[in-house]
Amino acid sequence: WKEVIIMSITMKDVFITWNNSLTSANTMKKYNLSVKLYFQMVLGKEPYDISESDLKNLSYGDTVNKFVAPLRNKGVKDSTIKSHLI
C-alpha cells in the first residue's frame with residue numbers, strides 16, 4: 001500500500017516559479033509587464049488569479065479581439081504587440 005500525496009499548486013505558485021526562472025532583471029521586468037497586461041486585457045485578472053478553466057477557454061479570437069486589436073487602436077506598433085505575445 002502506497003500513500004499518494006496530492007499537492008495543490010496555485011496559479012500564483014506557477015507565476016512565481018516562472019518569474020524566478022528568468023535570469024535577467026530586465027527580462028523579468030519586460031515579461032512581467034507583458035504577462036500582466038495580457039491577462040488584464042483578455043481576462044480582466046492578474047496572472048496569479050487565473051484558473052485552469054480560464055486557460056482552457058482562451059481562444060485565438062480572445063487574443064486578437066481583446067489584446068491585439070485594442071493595442072493597435074491605441075497606436076501600439078505591431079512589433080511591440082508581437083514582443084508582448086512572445
Side-chain angles (χ1 to χ4, degrees):
W1 170 267
K2 289 186 177 182
E3 183 176 333
V4 177
I5 299 173
I6 299 175
M7 292 180 57
S8 175
I9 187 164
T10 66
M11 287 308 293
K12 186 173 184 176
D13 295 330
V14 172
F15 183 73
I16 290 169
T17 301
W18 167 78
N19 191 52
N20 289 339
S21 74
L22 303 173
T23 55
S24 158
N26 192 39
T27 299
M28 186 183 301
K29 183 178 176 179
K30 287 181 182 181
Y31 282 14
N32 271 292
L33 173 70
S34 294
V35 170
K36 288 179 180 185
L37 179 66
Y38 179 84
F39 285 114
Q40 286 171 349
M41 290 180 70
V42 176
L43 296 175
K45 297 181 178 184
E46 290 295 318
Y48 47 80
D49 289 331
I50 61 172
S51 67
E52 181 179 349
S53 176
D54 289 329
L55 291 176
K56 285 182 177 179
N57 291 315
L58 272 177
S59 70
Y60 177 79
D62 290 332
T63 297
V64 171
N65 297 323
K66 296 178 181 179
F67 188 76
V68 175
L71 290 177
R72 279 187 179 152
N73 291 339
K74 290 180 181 179
V76 177
K77 294 178 184 179
D78 282 346
S79 60
T80 301
I81 295 170
K82 183 178 178 181
S83 291
H84 282 306
L85 292 170
I86 290 171

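These numbers come from the heavy atoms of this one structure, side chains and all, not from hydrogens, waters or symmetry mates.
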Intermediate values then yes/no, side-chain contact (heavy atoms from CB on, under 4.5 Å), Glu46 and Lys36: CA-CA 6 Å; Glu46 290 295 318; Lys36 288 179 180 185; 4.1 Å; yes

Between OG on residue Ser83 and NZ on residue Lys30, distance to nearest 0.5 Å: 8.0 Å

Rounded distance (nearest 0.5 Å) linking atom CZ of Phe67 with atom CZ of Phe39: 10.0 Å

Non-neighbouring partners of Asn26 that pass side-chain hydrogen bond (donor to acceptor under 3.5 Å, both in side chains), sequence neighbours left out: none

Linked, directly or transitively: Leu55 and Leu43 (ILVMFWY side chains, under 4.5 Å): yes

Same apolar cluster (I L V M F W Y, side chains within < 4.5 Å links), Leu37/Val68: yes

Approximate separation, where rounding is to 0.5 Å, of Ser51 OG and Lys56 NZ: 9.5 Å

hydrophobic_cluster_shared for Leu33 and Ile16, side chain cutoff 4.5 Å: no

Whether Tyr31 and Trp18 hold their rings parallel, tilted or perpendicular, with breakpoints at 30° and 60°: parallel

Leu85 with Val35, same ILVMFWY side-chain cluster at under 4.5 Å: yes

Flag for Asn20-Thr17: side-chain donor and acceptor within less than 3.5 Å: no

Non-hydrogen side-chain atoms of Tyr48 and Asp13 separated by less than 4.5 Å: no

From Ile81 atom CD1 to Ile86 atom CD1, the distance as rounded to the nearest 0.5 Å: 12.0 Å

Qualifying side-chain hydrogen bond (donor to acceptor under 3.5 Å, both in side chains) pairs, either residue in residues 64-76, two or more places apart: Arg72-Asp78

Test salt bridge (Lys or Arg N to Asp or Glu O under 4.0 Å) applied to Asp49 - qualifying residues, sequence neighbours left out: none

Donor-acceptor under 3.5 Å (Asn57 side chain, Ser53 main chain): yes

